[in-house]
Amino acid sequence: MAKYLNILKWSPPRILVFGFAMIIVIGAVLLSMPFASSDGSRLPFIDALFTATSATCVTGLVVVDTGTYFSTFGKIIILSLIQIGGLGFMTMATLIALVLRKRISLKERLILQEAMNQTSMEGIVRLIRRVIFYSLTIELVGAVLFAVRFAFDMPFGRAVWFGLFHSISFFNNAGFDIFGHFRSLTMYVGDPLVNIVSMLLIIFGGLGFVVMADLLEFRKNKRLSLHSKVVLSTTGILIAAGAVVIFIFEFSNSNTLGSLNWGEKILASFFQSVTPRTAGANTLDYTQLRQATVFFTVILMFIGASPGSTGGGIKTTTFTTMVGAVIAMIRGREDIVLFHYRLGKDRIFKALTITMLSLTLVLLVTMLLSTTEDQQFLKILFETTSAFGTVGLTTGITPELTFFGKIVIAVTMFAGRLGPLTLAYALGPKTEKELYRYPEGKITIG
């Protein structure tokens, strides 16, 4: 027990887990205060804990309506948790240290390396500076564009607040909205500006900060890293393929795409393909989607965003590595080759481990909730995957969850944000390096 209490000797993954947990608890305490609600009532602590977890883990699942239940102060708390959770508490701590001109220690650099999912400490502080600059710049531009559009529908001051809130929420892939009555962006389903700005914020937030830095320096370097090529190509393929599938499945559904014109159909299809990148905003009512579309969205949510981003899921690079392994095996090749580069076996093992741990978590939670929640299996699977992928999309069952269901979904959001592998490193015992290898054995596969 003593080794868990000696914080100075904790590993970076353990410090990350503890840091996120402390932020969630502080947020839950603040959200449970009377001044956080619009009518002065106290939010039950379990609901405050669920909301704080959802905000810090940039998910967007809610048990009370954010727009109507919380006061302005409560919404500011939620927005702060989203910003801290999206960029990471170590990134925010580094920002403060840089402002105060404090030196970043080796231990802090190791934690930043783990938080940003980097393979090396080299240039990590420079990367953090870029992360902060890019994030604030993109959020500011998004807030201005949103404010201009919303000013046509509400007073200017309110439009500025709505623009700022939704820009930060969407860039951090949180999915929280303050329009009220659980509507999200359904009233803007055919609005090109709101849809395009929202999608760009979601995509930029989900690409990862390393990719953004790579893109901005492309003019100077005239090349992209293998990581950026894989992320960009996989993201583009998933969005395009997702839009086509959703368009086909929902084309004749009068409750979703069926009542829209051709332009709105295409716009809504792309939006619903982008938002499972772990954003959680929606322009269609997910309670009215066909089962095939719901299940397809589950697949997109499980894949999620990209490493080093504000999103969750197993990540696009993991998915591409697994697909590459399947293709290589079918073709009888020993190596996975992407863009003329061979992937190391450690990358393949890590992708396999993340996929299996994530799949196990989703299946286990789905089975647990199937025994405690009086809901359809597909809705429970959707909710679980949404929580794991830190997406925030829902078929409407979140407010109806039991006490146990809220706890389980909150834990799933926490695991999804940090990643099952990071949690395993943090909570598992430290193992020594192997001093010998066993002889190779053979078993029959398939």
Partners meeting side-chain hydrogen bond (donor to acceptor under 3.5 Å, both in side chains) with Ser37 (sequence neighbours left out): Asp39
Student check: side-chain heavy atoms of Glu373 and Glu383 closer than 4.5 Å: no
Phe146-Phe162 aromatic ring centre distance below 6.0 Å: no
Contact summary for Ser169 and Ile82, nearest pair of heavy atoms: CA-CG2, 4.2 Å
Flag for Tyr188-Asp153: side-chain donor and acceptor within less than 3.5 Å: yes
Plane angle bin for Phe382 and Tyr286 - parallel if under 30°, tilted between 30 and 60°, otherwise perpendicular: tilted
Interatomic spacing from CZ in Phe295 to CG in Leu300 - rounded to 0.5 Å: 11.0 Å
Heavy-atom check, side chain of Leu201 versus side chain of Ser167, under 4.5 Å: yes
Within 6.0 Å of CG in Asp346, more than 12 heavy atoms from elsewhere: yes
Asp285: salt bridge (Lys or Arg N to Asp or Glu O under 4.0 Å) partners, not counting sequence neighbours: none
Side-chain heavy atoms of Phe270 within contact of Asn195, under 4.5 Å: no
For Phe150, the option from Phe179, Phe156, Trp161 that meets ring-ring contact (aromatic ring centres under 6.0 Å, His included): Phe179
Intermediate values then yes/no, salt bridge (charged side-chain N to carboxylate O under 4.0 Å, His left out), Arg149 and Asp191: CA-CA 10 Å; Arg149 173 59 187 88; Asp191 191 297; 2.5 Å; yes
